[in-house]
Amino acid sequence: MKTGSKWQKTGYLWITVTGISAVLFTGFMLLNTNTETQAGQGFGSTTQSLSAQAKTNYKPGDTLNLEAGMPLYTQVIGNKVPVDLMGIQYYTSSNEKIKGQAVHGEWIQFQDYNRGELWIPGWYTSKESRSLKTVTPQTFSLRPPGSSTSWSPSPTLTDQALIVAATKDWYGLSIAPRVWNKESFTYRPALLWVKAQAVEQQAIVADGWFQQDASHSALAVRHLTDIMLNKKTTSKQVKQWLGEPDWNENSANLNDTGYTMSIGQTWRYERADAQFLVTFNKNGKLARARWNIPQDDRNNVVSDWSFGRSDEYEFTTKITGKSLPITLPWKPIWTNQGDINYTFLKAATDDVLLMKGDDGGFSGFHYESSMYALDRHSGKKLWEINAGYGRQQVEVDAGRQYVTMYTDYDPDKKEYVDRIRHLQLKSGDVVWEYAPKQKFRLNGITAAKNVVVVSSPVVEGSSNSWLTVLDSANGKTLWTRKLSTGYQLLNKGSDDPYVMYWEKNQLVAADPLSGRTVWSIKVGKPTVDHPENNPYFDGIYRLDPFASTQPERWMLLRDQWALLDLNTGKKLAQFPAANGQQIEVLSDGKLLIRDNKKGDIYGDYADFTTTLYDAKSGTERWTQTGKIERGFVEDDQLYVIKNGYPAALAYDTGKTRWSAQNTISSLRYPTNQGSYVVIEDQLLLPMGEDLLIMDKNDGTLIGRVHDVVMGNPEHRDRDAKNGTMNRLGNEVYIGSSNGRFSIYDANDLHTHISR
């Protein structure tokens with residue numbers, strides 16, 4: 001037996017076997033009775049197995065008992081299968097009964113409704129298996145029988161073998177899989193058995209597995225956490241085993257939508273080669289665990305996908321790009337903890353922040369959304385209205401002193417009730433309320449200068465509509481108008497000077513107080529689909545919660561995009577529209593025009609071209625292949641999401657100056673959870689669950705912001721784009737996916753991460 005420093009790797013002993021007669025079993029005879037070693041296995045032979053020592057005379061139809069912690073196989077494993085390539089996906093997590101359907105030698109086959117066809121060595125169903133006890137993980141070496149022949153097993157096998165169980169005169173060895181993740185599968189360590197008399201030099205694995213000065217590799221710690229951690233594990237045990245965490249953060253919501261929010265604590269253990277996140281519920285029990293690991297040969301999967309263990313989906317692995325973001329401290333001025341997942345800033349005054357809360361669910365999983373106000377100076381909640389799973393629409397008056405809210409569901413009464421309430425923004429007091437006369441549901445509301453516009457069907461199910469225009473000061477009806485089938489309301493808010501609608505091949509701008517037509521344009525019905533009909537489109541404009549909108553707007557007029565002066569109806573610019581086309585207005589007024597060669601809103605990035613268009617001069621600055629979006633202009637640089645990755649382009653040519661494609665997690669589709677914010681040389685962007693910080697000059701990943709949990713609020717793309725993250729002066733306003741909303745001082749971030 002050779003031991004010594006050069007045989008020590010990743011915290012385990014390499015094993016050199018000399019004429020070995022010890023054998024590993026899965027609970028049955030693994031190898032044929034010969035003296036040769038199977039390639040890739042590295043173990044000799046024997047004539048007797050565990051199953052041979054136990055009664056396993058079972059027949060199909062027998063009901064059998066399995067203890068917790070037993071490995072389950074998707075097929076019969078032959079003696080030529082390397083022990084680190086057994087493809088184990090499941091272990092029994094609790095005692096369970098099975099009905100045997102077939103017997104193949106020492107294997108028993110059974111069917112599970114959720115897991116499909118499974119096999120288990122017969123020994124695990126025997127009475128003798130009940131003597132199996134788990135033990136504290138131990139390193140070991142094998143006792144040489146004295147032969148002069150020497151052979152070294154494969155390092156990928158033996159550098160990750162641990163004693164984890166014992167029964168009578170056998171030891172159970174856990175052997176990490178050669179490949180942890182492949183395609184959509186997560187594999188588990190194998191449990192093999194060796195005669196106790198063949199084992200020597202046992203040593204308990206010391207606590208503090210993942211401390212910065214620990215000798216264990218990330219793979220070794222991953223093996224340990226896989227076999228030791230479960231939902232009964234406490235925070236006290238985790239701290240003993242892994243050591244003190246590098247960071248302690250508020251967790252994501254541990255409950256599904258439809259249940260009261262539950263925020264626990266997430267401990268982060270961070271090293272350059274891996275990160276381990278452990279989340280505990282309010283009772284200190286383990287709720288979730290996740291490894292963040294760069295892509296390598298043992299995790300050959302699509303980057304940025306999370307893989308859950310087949311038996312416990314809360315234990316996951318996330319394969320990332322080449323770099324893992326380290327956590328950086330940035331202390332908020334204040335934080336408000338809300339009670340609904342996502343927090344979006346809608347509008348702001350000097351003293352009040354108007355917020356939207358949303359649980360992020362859809363397609364049957366959306367249960368609640370809300371509108372609430374926060375004191376801008378302290379973060380204290382001033383008032384809140386919960387809309388349940390119904391619709392809510394909110395319009396802020398031009399002076400930003402009042403807010404009109406439409407809801408169609410009452411979560412207290414648990415019934416649909418249309419209500420329009422005009423509230424004081426600061427206090428939430430109801431100034432007036434409008435109750436529609438009809439019993440059937442409204443179409444919704446919008447606003448123009450000094451008025452609220454109510455749209456309601458003429459009769460239930462009708463596509464005709466009555467416009468009822470209310471004085472926003474007192475809720476009294478100013479005028480009404482019946483609109484015919486196919487009409488469209490075009491108002492975006494109280495900054496609009498007129499009530500605008502399209503009907504009967506005419507775009508009309510009506511005086512808000514009288515209904516008199518101020519200007520109109522004869523134009524047929526649009527012949528291409530408006531991109532804002534797509535719930536995944538994040539909008540033509542990025543709206544600033546702190547500023548009023550400009551009195552000009554891009555509108556789709558038949559087959560043309562036209563920039564209209566809303567005060568006069570004059571066309572300031574226009575260009576042809578096309579199906580599958582999306583347009584985005586940049587801060588300087590120029591457009592990013594994304595065209596799809598297949599005329600579709602979806603497709604591969606290669607299907608798109610993106611053009612920077614100067615509408616006022618009618619000139620195309622440049623056209624690039626690919627999908628370029630979420631543009632942020634600063635000097636001569638354009639920060640974008642290009643084909644799903646953060647990137648920076650030369651503003652005058654469109655040439656890519658840097659791309660984070662090979663450093664940050666690979667994304668198949670763009671983030672839909674926020675927009676760029678620049679703080680001196682730092683570029684901030686929500687991506688995945690992190691708020692990332694990059695060097696704006698070269699795209700280098702600097703890190704992630706401490707204690708900010710982002711997410712992917714599907715179908716809330718416009719709210720996310722406009723309200724997740726904003727900056728006004730030195731104040732940075734950041735939402736989250738765990739109900740938290742915070743204000744930060746931009747100067748503090750520069751101080752902490754200055755390089």
Side-chain angles (χ1 to χ4, degrees), residues 346-347 354 356-358 366-373 383-398 401-425 427-494 496 498-504 508-516:
K346 297 291 289 183
L354 181 65
K356 178 181 179 181
D358 196 292
H366 174 57
Y367 290 90
E368 60 179 345
S369 59
S370 70
M371 196 62 56
Y372 60 101
W383 55 267
E384 180 176 21
I385 294 177
N386 195 309
Y389 52 72
R391 290 181 297 164
Q392 69 170 7
Q393 293 176 304
V394 174
E395 300 290 346
V396 180
D397 76 310
Q401 299 300 309
Y402 300 91
V403 56
T404 306
M405 183 173 185
Y406 162 64
T407 58
D408 70 350
Y409 181 78
D410 188 327
D412 295 324
K413 295 180 179 179
K414 292 183 171 52
E415 62 182 17
Y416 285 96
V417 179
D418 279 318
R419 298 182 70 184
I420 298 175
R421 285 165 281 186
H422 190 70
L423 317 167
Q424 286 188 344
L425 181 58
S427 67
D429 293 339
V430 177
V431 178
W432 55 259
E433 186 165 353
Y434 174 82
K437 296 178 181 179
Q438 72 272 21
K439 301 293 184 181
F440 45 88
R441 311 266 293 282
L442 297 178
N443 293 327
I445 67 169
T446 185
K449 185 178 181 180
N450 298 322
V451 299
V452 175
V453 183
V454 181
S455 173
S456 58
V458 174
V459 296
E460 187 171 7
S462 171
S463 56
N464 295 351
S465 178
W466 279 107
L467 286 192
T468 302
V469 180
L470 309 177
D471 188 325
S472 61
N474 53 33
K476 293 183 178 179
T477 299
L478 295 172
W479 53 275
T480 61
R481 185 156 300 161
K482 185 179 179 180
L483 300 181
S484 59
T485 299
Y487 78 95
Q488 295 179 18
L489 283 178
L490 302 176
N491 286 93
K492 297 295 185 180
S494 60
D496 290 350
Y498 305 115
V499 176
M500 294 177 291
Y501 56 89
W502 179 91
E503 183 202 29
K504 296 179 180 178
V508 175
D511 181 85
L513 300 180
S514 65
R516 176 183 58 86

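Keep in mind that the numbers below use all heavy atoms, side chains included, and drop hydrogens, waters and symmetry copies.
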- What closest approach, in Å, do Gly357 and Tyr372 show between heavy atoms, and which atom pair accounts for it? N-CE2, 3.8 Å
- To the nearest 0.5 angstrom, please state how far the NZ atom of Lys482 sits from the CG atom of Leu467. 12.5 Å
- Query: Does Tyr402 offer a backbone N or O that forms a donor-acceptor pair with the side chain of Asp397 under 3.5 Å?
  - Reply: yes
- Message: Show the nearest heavy-atom pair for residues Tyr409 and Glu415, with the distance to one decimal.
- Response: CD1-O, 3.4 Å
- Item | Option among Thr468, Val499, Leu513, Asp511 that satisfies the side chain to side chain contact (heavy atoms under 4.5 Å, CB included) test with Trp479 | Val499
- Task: On the 0 to 90° scale, with breaks at 30° and 60°, tag the Trp432-His422 ring pair as parallel, tilted or perpendicular.
- Result: parallel
- Do Asp496 and Leu490 come close enough that some side-chain heavy atom pair is under 4.5 Å? no
- Between Thr485 and Ser463, which heavy-atom pair has the shortest distance, and what is it? OG1-OG, 3.1 Å
- Query: Using a distance-only test with no angle check, is there a side-chain donor-acceptor pair under 3.5 angstrom linking Glu395 and Thr404?
  - Reply: no
- Task: Work out which heavy atom in Leu354 is nearest to a heavy atom in Met371; give both atom names and the distance.
- Result: CD1-CG, 3.8 Å
- Quick one: which of Lys356, Gln392, Glu384 gives a side chain to side chain donor-acceptor pair (under 3.5 Å) with Ser370? Glu384
- Message: For the backbone of Ala448 and the side chain of Asn491, can you confirm whether one donor and one acceptor N or O come within less than 3.5 Å of each other?
- Response: no
- Task: Please list, chain by chain and in numerical order, all residues satisfying side-chain hydrogen bond (donor to acceptor under 3.5 Å, both in side chains) with Asp418, sequence neighbours excluded.
- Result: Tyr406
- Message: Please check this pair: side chain of Gln393 against backbone of Ile445, looking for a donor-acceptor N/O pair closer than 3.5 Å.
- Response: yes
- Query: Which heavy-atom pair separates Leu483 from Glu503 by the least distance, and what is that distance?
  - Reply: CA-OE2, 3.2 Å
Quiz: residues 450-459 side-chain donor-acceptor pairs under 3.5 angstrom, not counting sequence neighbours:
from   : atom 1 : to     : atom 2 : distance (Å)
Ser455 : OG     : Asn443 : ND2    : 3.2
Ser455 : OG     : Ser465 : OG     : 3.0
Ser455 : OG     : Tyr487 : OH     : 3.1

- Pairwise distance NZ(Lys476) to CG(Asp471) - rounded to 0.5 angstrom: 8.5 Å
- Query: Shortest non-hydrogen contact from Gly388 to Pro411?
  - Reply: N-CG, 4.0 Å
